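A, B, ... follow the sequence lines: proteins, then strands. Residue 1 opens every chain. Computed from a prediction, not measured in an experiment: that's the story for all the values here.
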Amino acid sequence: MAEEKLPTRSEDFAEWYNQIVLKAEMADYAPVRGCMVVRPYGWTLWENIQAALDRRFKETGHVNAAFPLFIPMSFLEKEKEHVEGFSPELAVVTIGGGEKLEEPLIVRPTSETIIGYMYSKWIQSYRDLPVLINQWGNVVRWELRTKLFLRTLEFYWQEGHTAHATEEEAREETLRMLGVYADFAIHEAAVPVIQGVKSQTEKFAGAVMSTTIEAMMGDTRALQSGTSHYLGQNFARAFDIQFLDRNNTLQHCYTTSWGLSTRFIGAIIMTHGDDQGLILPPRLAPIQVVIVPIFKAEAETAAVLETVARIQSELKAAGIRVKVDDRTEVTPGFKYNDWEMRGVPLRMEVGPKDIEKQSVALARRDIPGREGKSFVPQTGLAATVTDMLADIQKSLLDRATAFRDSHIHQPKDYAELIEVVSNGWAYAWWCESAECEARIKEETKASSRCIPLDQDEGHGRCIVCGKDAKRKGYFAKAY
RNA sequence: CGGGGCGUGGCUCAGCCCGGUUAGAGCGCUGCGUUCGGGACGCAGAGGUCGGCGGUUCAAUUCCGCCCGCCCCGACCA
């Protein structure tokens, strides 16, 4: 059961986050260091995320499949950058069935290699292309510093892997899926994101180009919330993914990969939550409306519960995810706080006065206190609730966007950049050299987040070295 | 992996410095009763190998060593 108070976000954002995850019963610590248990409330949220993404994947022509958890160690070694990037964080299986294995197996940290191996078997001709496969699964990366949802040894995600006949097509796919992520983040999760390209130092191990959606959390730190990579022919060469083109010439494929993980749950929590707890976007919330029945005397109980049951089935029939909190051992006031902490977007109170007036009380989670409370007639309630949920969804996005935009600054010089990244993002001309990027990171702890796709025309002078810069980039402290 | 903090009923912690009868508190949990439109209350209960191993001692939750785990801050990452 919930304790009464959370630390406020301003006094201790990290602790606020930890407690919210635990108290809202999203996840819990597992007995293995760095591992988490995703509890039913958190997993239902993930299932809703999955459904929203999966629908988009199917709409863009992708199909799902499942590849093995174990990958031969030698596979990873076939792509130089890939193995360098991942070897420090691999879990390796050396014993199976009591016998020492001839070749160690790694627990997949990502599946480019084993999927590449399979693609080389499956692809012969340009007629076989493109191959557009996604898989939902779990992966393991042996991280040193972990945090629930944001970075755990094992996490759940989807990884799309596609193979194409041309560079152009593969680059298009990379950006198409980045767009899918952005659309999902903005329209389902109400998390405003910036689409951009990762710097060479920040890109995925083995990619030619990595793209990202970057979101701003409530403490202004940035969170990479999804990534899409153009892999060029790197993995095709490593795994001999080849095809005969129309001219009977043998060519290597161009491949992409893209992923979004349970980390996104962390993004939702840290984007929308307030000092009362979680606020979940209606479109993804496991429970959209919680009904709290209220009765003083026993004589009122039956009438209230009857009305509540009727309303519940009306809302259900309208496709609204609704829960009735009929616990008798806690007071209504306790329930209000409890469900607010769990982020349910809309609360409905039904009591004796409502029976009399044929009304109900509605309280919006995004507007605390009196202001967010309204009394509406029971007739047409499903429509009223549906509209209000849509309005909450919109107001969450508007609020998060306004917050983000008010914390993005365009520093005029390096001194000002140092200042702004202490509580926000810097958007500045950058020569794109690793040296300038490294200097910013060393001196401010802020890393380059991305070079946004959406760029102003023209050019300027690099905020660090003053050399000519063609594009602007975002710099921020990040998770 | 470096620095810091912490491990005592389910949770948060006191006790330990200065070793000594049956180890406490608040919250939570169970039962009964009164409550119920913004975190209710009374009464009666249940619940502990004091993180683990080893050492010192007549005696260790308390002193010493090692180990394990968690949290926070730094180097790496979705």
Side-chain angles (χ1 to χ4, degrees), chain A residues 1-6 12-15 17-19 22-23 28-36 84-89 109-110 138-159 181 198 201-205 210 212-215 222-229 257-267 276-277 292-298 300-301 304 326-341 347-355 357 359-361 363 368-370 372-373 375 441-442 445 447 477-479:
Chain A
M1 196 56 56
E3 269 177 51
E4 294 194 6
K5 287 274 181 265
L6 288 165
D12 192 345
F13 195 84
E15 188 52 26
Y17 176 83
N18 286 336
Q19 290 196 20
L22 296 173
K23 287 179 177 167
D28 201 353
Y29 295 103
V32 179
R33 180 197 74 85
C35 291
M36 69 172 167
E84 280 173 8
F86 280 105
S87 53
E89 50 187 58
T110 179
N138 54 344
V139 287
V140 168
R141 298 179 187 178
W142 215 264
E143 301 288 350
L144 302 177
R145 223 181 120 196
T146 60
K147 197 169 175 70
L148 292 168
F149 288 119
L150 299 183
R151 195 179 300 104
T152 47
L153 298 200
E154 180 187 16
F155 59 91
Y156 303 88
W157 74 343
Q158 61 62 221
E159 45 179 324
Y181 287 152
K198 281 289 185 190
T201 49
E202 296 277 336
K203 80 173 167 60
F204 175 76
S210 286
T212 174
I213 51 171
E214 295 286 324
L223 183 74
Q224 177 174 316
S225 306
T227 48
S228 181
H229 313 292
S257 67
W258 25 276
L260 185 146
S261 76
T262 38
R263 168 181 258 202
F264 201 90
I265 292 175
Q276 303 306 311
V292 179
I294 289 156
F295 28 76
K296 287 196 185 71
E298 215 149 296
E300 299 161 343
T301 310
V304 168
D326 55 5
R327 287 177 291 177
T328 54
E329 67 273 20
V330 290
T331 60
F334 179 90
K335 292 176 184 178
Y336 300 167
N337 288 281
D338 197 33
W339 292 110
E340 278 167 12
M341 197 265 303
R347 179 181 77 241
M348 183 184 298
E349 302 164 25
V350 181
K353 289 181 210 161
D354 299 300
I355 304 296
K357 295 182 195 161
S359 64
V360 301
R370 268 249 162 81
K373 213 157 166 176
F375 301 88
K441 190 158 190 185
E442 202 166 305
K445 308 287 178 214
S447 55
K477 290 182 188 164
Y479 279 97

A.B. asks: Can you tell me if the side-chain N/O atoms of Tyr29(A) get under 4.0 Å from OP1 or OP2 in C71(B)?
C.D. replies: yes

A.B. asks: To the nearest Å, give me how far apart CD (Glu89(A)) and P (C76(B)) are.
C.D. replies: 12 Å

A.B. asks: With a non-hydrogen cut-off below 4.0 angstrom, is Ala363(A) in contact with a base, only sugar-phosphate, or nothing?
C.D. replies: nothing

A.B. asks: Tell me which nucleotide among G74(B), C77(B), G37(B) gets nearest to the side chain of Arg141(A).
C.D. replies: C77(B)

A.B. asks: Please check if the side chain of Lys198(A) supplies one atom and the backbone of His229(A) the other of a donor-acceptor pair under 3.5 Å.
C.D. replies: no

A.B. asks: Could you give the distance separating A60(B) and U56(B) at their C1' atoms, to the nearest angstrom?
C.D. replies: 10 Å

A.B. asks: Are the side chains of Pro332(A) and Glu349(A) in contact, using a 4.5 Å heavy-atom criterion?
C.D. replies: no

A.B. asks: From the set G38(B), C76(B), G37(B), return the single nucleotide nearest to any side-chain atom of Lys353(A).
C.D. replies: G37(B)

A.B. asks: Of the nucleotides C77(B), G39(B), G37(B), which one has an atom closest to the side chain of Ile294(A)?
C.D. replies: G37(B)

A.B. asks: Can you measure Leu153(A) atom CG to C76(B) atom C1' for me and round it to whole angstrom units?
C.D. replies: 14 Å

A.B. asks: Quote, to the nearest angstrom, the P distance that separates G37(B) from C16(B).
C.D. replies: 43 Å

A.B. asks: Would you confirm whether Tyr181(A), through its side chain, and Gly259(A), through its main-chain N or O, come within 3.5 Å as a donor-acceptor pair?
C.D. replies: yes

A.B. asks: Quick one: on RNA chain B, does Glu202(A) or Ala30(A) contact a more 5' nucleotide (nearest heavy atom)?
C.D. replies: Ala30(A)

A.B. asks: Flag the pair Glu300(A) and Lys353(A) as a salt bridge only when some basic side-chain nitrogen lies within less than 4.0 angstrom of an acidic carboxylate oxygen.
C.D. replies: no

A.B. asks: NA contact type, Pro88(A), heavy-atom cut-off 4.0 Å: base, sugar-phosphate, or nothing?
C.D. replies: nothing

A.B. asks: Between Asp12(A) (CG) and C73(B) (P), how many Å, whole number?
C.D. replies: 8 Å

A.B. asks: Asn18(A) side chain N/O closer than 4.0 Å to the phosphate oxygens (OP1, OP2) of C70(B)?
C.D. replies: no

A.B. asks: Classify the nucleic acid contact of Glu349(A) as base, sugar-phosphate or nothing, counting any heavy atom under 4.0 Å across all strands shown.
C.D. replies: base

A.B. asks: If the C1' atom of A44(B) is compared with that of G39(B), how far apart are they to the nearest Å?
C.D. replies: 25 Å

A.B. asks: Taking the side chain of Thr331(A) as its heavy atoms from C-beta onward, which of C72(B), G37(B), A40(B) lies nearest to it?
C.D. replies: A40(B)

A.B. asks: Between G69(B) and G24(B), how far apart are the two P atoms, rounded to whole Å?
C.D. replies: 33 Å

A.B. asks: Say you pick atom P in G45(B) and the same atom in U49(B); how far apart are they, in whole Å?
C.D. replies: 22 Å

A.B. asks: Rounding to a whole Å, what distance do you find between Leu22(A):CG and G10(B):C1'?
C.D. replies: 14 Å

A.B. asks: Taking Watson-Crick and G-U wobble pairs with both distances under 3.5 Å, convert RNA chain B into its dot-bracket string, 5' to 3', dots for unpaired and | for cross-strand pairs.
C.D. replies: ((((((((.[[[[.)....(...]]]].((((((.....)))))).....[[[[[..)....]]]]])))))))....

A.B. asks: For Phe334(A) and G38(B), what is the distance between atoms CZ and C1' respectively, to the nearest whole Å?
C.D. replies: 12 Å

A.B. asks: For residues 146-156 of chain A, please give each side-chain donor-acceptor pair under 3.5 Å, one per line with the distance, not counting sequence neighbours.
C.D. replies:
{"from": "Lys147(A)", "atom 1": "NZ", "to": "Asn18(A)", "atom 2": "OD1", "distance (Å)": "3.4"}
{"from": "Thr152(A)", "atom 1": "OG1", "to": "Glu154(A)", "atom 2": "O", "distance (Å)": "2.7"}
{"from": "Glu154(A)", "atom 1": "OE2", "to": "Asn138(A)", "atom 2": "ND2", "distance (Å)": "2.7"}

A.B. asks: Ignoring hydrogens and angles, tell me if any N or O in the side chain of Ser210(A) forms a donor-acceptor pair with the backbone of Phe204(A) under 3.5 Å.
C.D. replies: yes

A.B. asks: Quick check: any donor-acceptor pair below 3.5 Å linking the side-chain of Glu340(A) to the base of G38(B)?
C.D. replies: yes

A.B. asks: Counting only distance, no hydrogens or angles, is the base of G38(B) paired donor-acceptor with the side chain of Arg347(A) under 3.5 Å?
C.D. replies: yes

A.B. asks: Considering only heavy atoms and no angle criterion, is a donor-acceptor pair shorter than 3.5 Å present between the side chain of Asp354(A) and the base of G37(B)?
C.D. replies: yes

A.B. asks: So what does Ser447(A) hit on the nucleic acid, given a heavy-atom distance under 4.0 Å: a base, only sugar-phosphate, or nothing?
C.D. replies: nothing

A.B. asks: On RNA chain B, compare the nucleotides closest to Gly351(A) and Glu154(A); which residue's is nearer the 5' end?
C.D. replies: Gly351(A)

A.B. asks: Does NZ belonging to Lys373(A) count more than 12 external heavy atoms closer than 6.0 Å?
C.D. replies: yes

A.B. asks: Measure the distance from OH on Tyr479(A) to C1' on G74(B) and round it to the nearest whole Å.
C.D. replies: 16 Å

A.B. asks: One pair to check against side chain to side chain contact (heavy atoms under 4.5 Å, CB included): Glu340(A) and Arg347(A). What are the steps and the verdict?
C.D. replies: CA-CA 9 Å; Glu340(A) 278 167 12; Arg347(A) 179 181 77 241; 3.0 Å; yes

A.B. asks: Could you tell me how far C11(B) sits from C70(B) if I compare only their C1' atoms? Round to whole Å.
C.D. replies: 15 Å

A.B. asks: Do the side chain of Arg151(A) and the base of C77(B) come within less than 3.5 angstrom through a donor-acceptor pair of N or O atoms?
C.D. replies: yes

A.B. asks: Does a side-chain N or O from Lys147(A) land closer than 4.0 Å to OP1 or OP2 of C72(B), or not?
C.D. replies: yes

A.B. asks: Under 4.0 angstrom, heavy atoms only, what part of the nucleic acid is Leu150(A) near: base, sugar-phosphate, or nothing?
C.D. replies: base

A.B. asks: How would you label the contact of Gly34(A) with the nucleic acid (heavy atoms, under 4.0 Å): base, sugar-phosphate, or nothing?
C.D. replies: sugar-phosphate

A.B. asks: May I ask you to decide if Asn337(A)'s main-chain N or O and Gln276(A)'s side chain share a donor-acceptor pair within less than 3.5 Å?
C.D. replies: no

A.B. asks: Apply ring-ring contact (aromatic ring centres under 6.0 Å, His included) to Phe264(A) and list each qualifying residue two or more places apart in sequence or on a separate chain.
C.D. replies: Phe184(A)

A.B. asks: Whole-Å distance between C76(B) P and Phe204(A) CZ?
C.D. replies: 18 Å

A.B. asks: Could you check how far CG of Leu144(A) sits from C1' of C71(B), rounded to whole Å?
C.D. replies: 16 Å

A.B. asks: P atom, G51(B) versus U12(B): distance in rounded Å?
C.D. replies: 14 Å

A.B. asks: Say we look at G31(B) and G47(B): how far apart would their P atoms be, to the nearest angstrom?
C.D. replies: 16 Å

